[in-house]
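As the structure is a prediction and not an experimental result, all values here were calculated from the model.
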Amino acid sequence: VQLQASGGGLVQAGGSLRLSCAVFGRTVRNYVMGWFRQAPGKEREFVASISRVGGSTYYTDSVKGRFTISRDNAKNTVYLQMNMLRPEDTAVYYCAAKANGPAASMVGYDKWGRGTLVTVSS
């Protein structure tokens, strides 16, 4: 399976972006999907995850109420809607997939896309 993230760019603080992750090779409904990010000089961190049928979502505390993860299994695509963006959200965002394990767990992702850069100016 291959993952391709897109939708990153430059936005002012308070603005919005929607990231997309297209899944190729396997049907996305088989996977728990997640978004991670890595800011310059920092380790990669978990952002959000969604269960296989989309009934459960999980977020890191810093994005709760601002970001929304969703999936369209018919389109084999997962989204991350990011609102009220802050300069500290600046990072490369990666989508990831795992066939095993719950969406509530941040570990176990073994399929990764290349990432898309989000830059939030103050």
Side-chain angles (χ1 to χ4, degrees):
V1 61
Q2 292 184 336
L3 311 179
Q4 183 173 323
S6 61
L10 174 63
V11 64
Q12 288 187 332
S16 299
L17 283 174
R18 189 177 81 156
L19 305 184
S20 299
C21 176
V23 179
F24 301 95
R26 293 285 180 90
T27 178
V28 71
R29 71 180 70 245
N30 293 332
Y31 297 93
V32 168
M33 300 297 296
W35 286 96
F36 292 74
R37 66 186 180 186
Q38 187 167 18
K42 296 186 176 181
E43 294 187 353
R44 187 165 57 191
E45 66 170 347
F46 168 82
V47 176
S49 63
I50 187 166
S51 60
R52 290 169 182 79
V53 294
S56 298
T57 57
Y58 304 86
Y59 300 92
T60 192
D61 286 346
S62 63
V63 308
K64 285 180 181 177
R66 301 188 298 122
F67 291 12
T68 302
I69 187 171
S70 61
R71 64 193 298 158
D72 186 336
N73 287 345
K75 295 183 178 180
N76 248 28
T77 302
V78 177
Y79 304 98
L80 185 68
Q81 177 67 44
M82 306 186 295
N83 299 328
M84 295 181 286
L85 282 161
R86 304 167 180 169
E88 54 264 40
D89 295 319
T90 295
V92 177
Y93 284 72
Y94 300 88
C95 61
K98 59 178 176 179
N100 301 301
S105 172
M106 294 184 285
V107 300
Y109 290 89
D110 57 357
K111 307 290 189 294
W112 294 85
R114 280 192 175 184
T116 184
L117 177 63
V118 172
T119 304
V120 185
S121 63
S122 57

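Grouping the Ile, Leu, Val, Met, Phe, Trp and Tyr side chains by contacts below 4.5 angstrom, directly or via other members, places L3 with W35. Hydrophobic cluster membership is shared by V63 and L85, with clusters built from Ile, Leu, Val, Met, Phe, Trp and Tyr side chains linked at under 4.5 angstrom. V1 and I50 end up in the same hydrophobic cluster when Ile, Leu, Val, Met, Phe, Trp and Tyr side chains are linked at under 4.5 Å.
Listed by first then second residue, pairs satisfying ring-ring contact (aromatic ring centres under 6.0 Å, His included) with a partner in residues 37-69 read F36-F46, not counting sequence neighbours. Judged as a side-chain hydrogen bond (donor to acceptor under 3.5 Å, both in side chains), not a single pair has a partner in residues 106-122 (not counting sequence neighbours). Sorted by first then second residue, the disulfide bond (SG atoms under 2.5 Å apart) pairs that include residues 35-64, not counting sequence neighbours, number zero. For residues 7-22, no residue pair satisfies the salt bridge (charged side-chain N to carboxylate O under 4.0 Å, His left out) rule, not counting sequence neighbours.
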For a quick test of your reading: what N or O donor-acceptor pairs under 3.5 Å do the side chains of residues 20-34 make, sequence neighbours left out?
none

Give every donor-acceptor pair under 3.5 Å between a side-chain atom in residues 89-99 and any protein atom, sequence neighbours left out.
unit_1 : atom_1 : unit_2 : atom_2 : d
D89    : OD1    : R37    : NH1    : 2.9
D89    : OD1    : R66    : NH2    : 3.0
D89    : OD2    : R66    : NH1    : 2.8
D89    : OD2    : R66    : NH2    : 3.4
D89    : OD2    : R86    : N      : 2.8
T90    : OG1    : P87    : O      : 2.9
T90    : OG1    : V120   : N      : 2.9
T90    : OG1    : V120   : O      : 3.4
Y93    : OH     : R37    : NH1    : 2.9
Y93    : OH     : D89    : O      : 2.6
K98    : NZ     : P102   : O      : 2.8
K98    : NZ     : S105   : O      : 2.8
K98    : NZ     : V107   : O      : 2.8

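Within the model, atoms CZ of R71 and OG1 of T57 stand 11.5 Å from one another, a figure rounded to the nearest 0.5 Å. The structure places CG of L17 at 8.5 Å from CD of Q81, a figure rounded to the nearest 0.5 Å. Considering CD1 of I69 and OG of S51, their distance stands at 9.5 Å, rounded to 0.5 Å. Atom-to-atom distance recorded for L117:CG and Q38:CD is 12.0 Å, nearest 0.5 angstrom.
Counting heavy atoms from C-beta outward, S49 and M106 have side chains that stay 4.5 Å or more apart.
In this structure a side-chain-to-backbone donor-acceptor pair under 3.5 Å is missing from R52 to A103.
Within a 6.0 Å radius of CD in Q2, other residues, nucleotides and ligands contribute 12 heavy atoms or fewer.
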